[in-house]
Amino acid sequence: MNFYAKLELPYCSEQMFRESQFKSSTTWSSIISCFIQNELPLRGLEYFKLMLRNDGMFPDDYIFPCATKACAMMNDYCFGQSVHCLAVKVGFEGNVFVGSSIVDMYAKCGNLRDARKVFDEMPERNVVSWSGMIYGYAQMGEDEEALKLFKDALWEGLEVNDFTFSSVIRVCGNSTLFELGKQMHGLCLKLSYDETSFVGSAVISMYSKSGMIEGAYRVFNEVSDKNLGMWNAMLIACAQHADTKSVFELFKKMENAGMKPNFITFLCVLYACSHAGLVKEGKHYFSMMKEYGIEPGSQHYASMVDLLGRAGKLQEAMKLIEEMPMQPTESVWGALLTGCRIHGNTELASSVADRVFELGPVSPGLHVLLSNAYAAAGRYQEAAKARKMLKDRGQKKETGLSWVEEGNRIHTFAAGDMTHEFSEEIYRKLEELGEDMERAGYVADTSYVLKEVGAEEKSQTIKYHSERLAIAFALITFPPERPIRVMKNLRVCGDCHVAIKFMSKCTGRIIIVRDNNRFHRFENGKCSCGDYW
DNA sequence: TTAATGTCAT
């Protein structure tokens, strides 16, 4: 039966299963895992139910992990919970295999609270349980928790492995914790984890997101047997660094190497086209997807709408949305509204707002965009109504925060923050630098104070936006040759973008700022995004 | 016969 499963012949296995007269636990777990291996989790679960109902067979430490994995694959939290209950009932929740797989299932369904509860109550934990929990936090963007747990794992003397590292390195990349990420990469090399494994792509991405495209290339070039993840990671690295030419070259090289692009590959390429304003090329790659037998997903459509919208082809973007075979997602509308804002098409934007609000509640981010669209079109009543709706639901925009890594510490700043121990020096540095910047031709553009709706932009705080405080702190404490990496949870405002260009010029430093939607590497008065953002 | 990983983006 396993023989057939490995050959991807689940129905042959099924036939054999039916014919076998004595069904042991092994027989049952084999048939369930056979369907899982062949990506038929629903069929797997059907057999799981059949076993419980007709055979009077109790699941064991082999069968439970199969069942939970099927739930995880289907993102079926409810059924996963019943499997968990059953495991408790028949006394298998203490088993390390069963426990770990339940943790993994909850984490994959996005329920970290349940995952953590099971994890904390496990009588015995091993590297799989720990890695699963860390992965869960990383997956949901809970970077701090992921790192905390990793530290706990080391404290417990756990021997971590490449599974653990791939999650931790990913967290470092996402939060621009370059120093830590570099250490982790070093550790992987020391423990001789193969870079061709999953660690490789995470390392490439981490270097890229920290502004070190050279480091990303080094890892990429050193490995001769590159997997698809590494190609994709390198593609997006070039795209993030606005090196569109290399993106196209890499894509060609990839095809020549016989590597088949997947849906993520096309997201990378479309992302590159949209941020470089290359409409013709974008359309070319979008239609190429069909040749590779890949159906464009909503994310690909969002990318295309972004591309067309930024280029001012708003009607064409709208037409593409109408043609979508699925419901347009929030990112698709968001992309269209961004295009409308850039090109001042208030009419289309406000009609989009009418349409989207009719469909039902939207996320706070999109809600703000939509109410701004009304305001821009002069429909102030609707704008006020939309804002009130948001307020009534108690949804607030996130507080703008920037952070910077220094030694083993992460220093976090909010706009106008005076709480940092070096506050006095930071503000003095900003004053001093401000004078240099003005001499170099910088003029503060206070219009952003009025344009941007949000907590940070009130009154005179523009001079002290969180990213500026973080940069000033780094200027004071970092050695002169060290690039400054700042991460921000909101979008950098237009004035800060200009200001940081001047900062890089006046100080001769490389300043890398990652905000929630773009990547900026400032060097000698220029930004890698080419002001196209 | 057992369990877990990466690469996109919002």
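Proteins come first, then strands; the chains are lettered A, B, ... in the order of their sequence lines, and each starts at number 1.
Of the candidates B/dA4, B/dT2, B/dT7, B/dT2 carries the atom nearest the A/D61 side chain, counting heavy atoms from C-beta on. Distance from the side chain of A/S25 is smallest to B/dT1 among B/dC8, B/dT1, B/dT5. Residue A/V128 has its side chain nearest to B/dA3 when only B/dT7, B/dT1, B/dA3 are considered. Comparing atom distances between the A/Q240 side chain and each of B/dA9, B/dG6, B/dA3 picks out B/dA9 as nearest. For A/Q299, the side-chain atoms get nearest to B/dA9 when compared with the rest of B/dA3, B/dA9, B/dA4. Closest to the side chain of A/L267, from the set B/dA3, B/dC8, B/dG6, is B/dC8. Side-chain proximity of A/S331 to the nucleotides B/dT10, B/dT2, B/dC8 is greatest for B/dT10. Here B/dG6 is the nucleotide among B/dG6, B/dC8, B/dT1 with the atom lying nearest to any side-chain atom of A/F198.
Distances shorter than 4.0 Å separate none of the side-chain N or O atoms of A/R170 from OP1 or OP2 on B/dT5. Residue A/K108 places no side-chain N or O under 4.0 Å from the OP1 or OP2 atom of B/dA3. Within the structure, every side-chain polar atom (N or O) of A/Y271 is placed at least 4.0 Å from both OP1 and OP2 of B/dT10. One finds a side-chain N or O of A/S205 lying less than 4.0 angstrom from the OP1 or OP2 phosphate oxygen of B/dC8.
Among the atoms of the strands shown, none is found under 4.0 Å from any heavy atom of A/I204.
Using a 3.5 Å distance cut-off with no hydrogens or angles, the side chains of A/D60 and A/N95 do not pair a donor with an acceptor.
One can find a donor-acceptor pair under 3.5 Å joining the base of B/dG6 and the side-chain atoms of A/N227. Side-chain atoms of A/S29 come within donor-acceptor range of the base of B/dT1, with a qualifying N/O pair under 3.5 Å. The base of B/dT5 does not come close enough to the side chain of A/S167 for any donor and acceptor atom to sit less than 3.5 Å apart.
Within the structure, ring pair (Phe, Tyr, Trp, His ring centres under 6.0 Å) contacts touching residues 132-161 of chain A (residues at least two apart or in different chains) do not occur.
Taking the six-membered ring wherever Trp is involved, the centroid distance between the rings of A/Y301 and A/F286 falls below 6.0 Å. Separation of the A/W231 and A/F251 ring centroids does not fall under the 6.0 Å cut-off.
Heavy-atom neighbours of A/Y292 OH from other residues, nucleotides or ligands within 6.0 Å: above the threshold of 12.
Residue-nucleotide stacking is present for A/Y62 and B/dT1, judged by a side-chain ring centre under 5.5 Å from the six-membered base ring centre and planes under 30° apart.
Residues from residues 141-165 of chain A with heavy atoms under 4.0 angstrom of DNA chain B, sorted by number: A/N161, A/D162, A/F163.
Of the candidates A/F48, A/Y106, A/Y77, A/F79, A/F79 is the only one forming a side chain to side chain contact (heavy atoms under 4.5 Å, CB included) with A/C71.
A donor-acceptor contact shorter than 3.5 Å is absent between the side chain of A/S192 and the backbone of A/L189.
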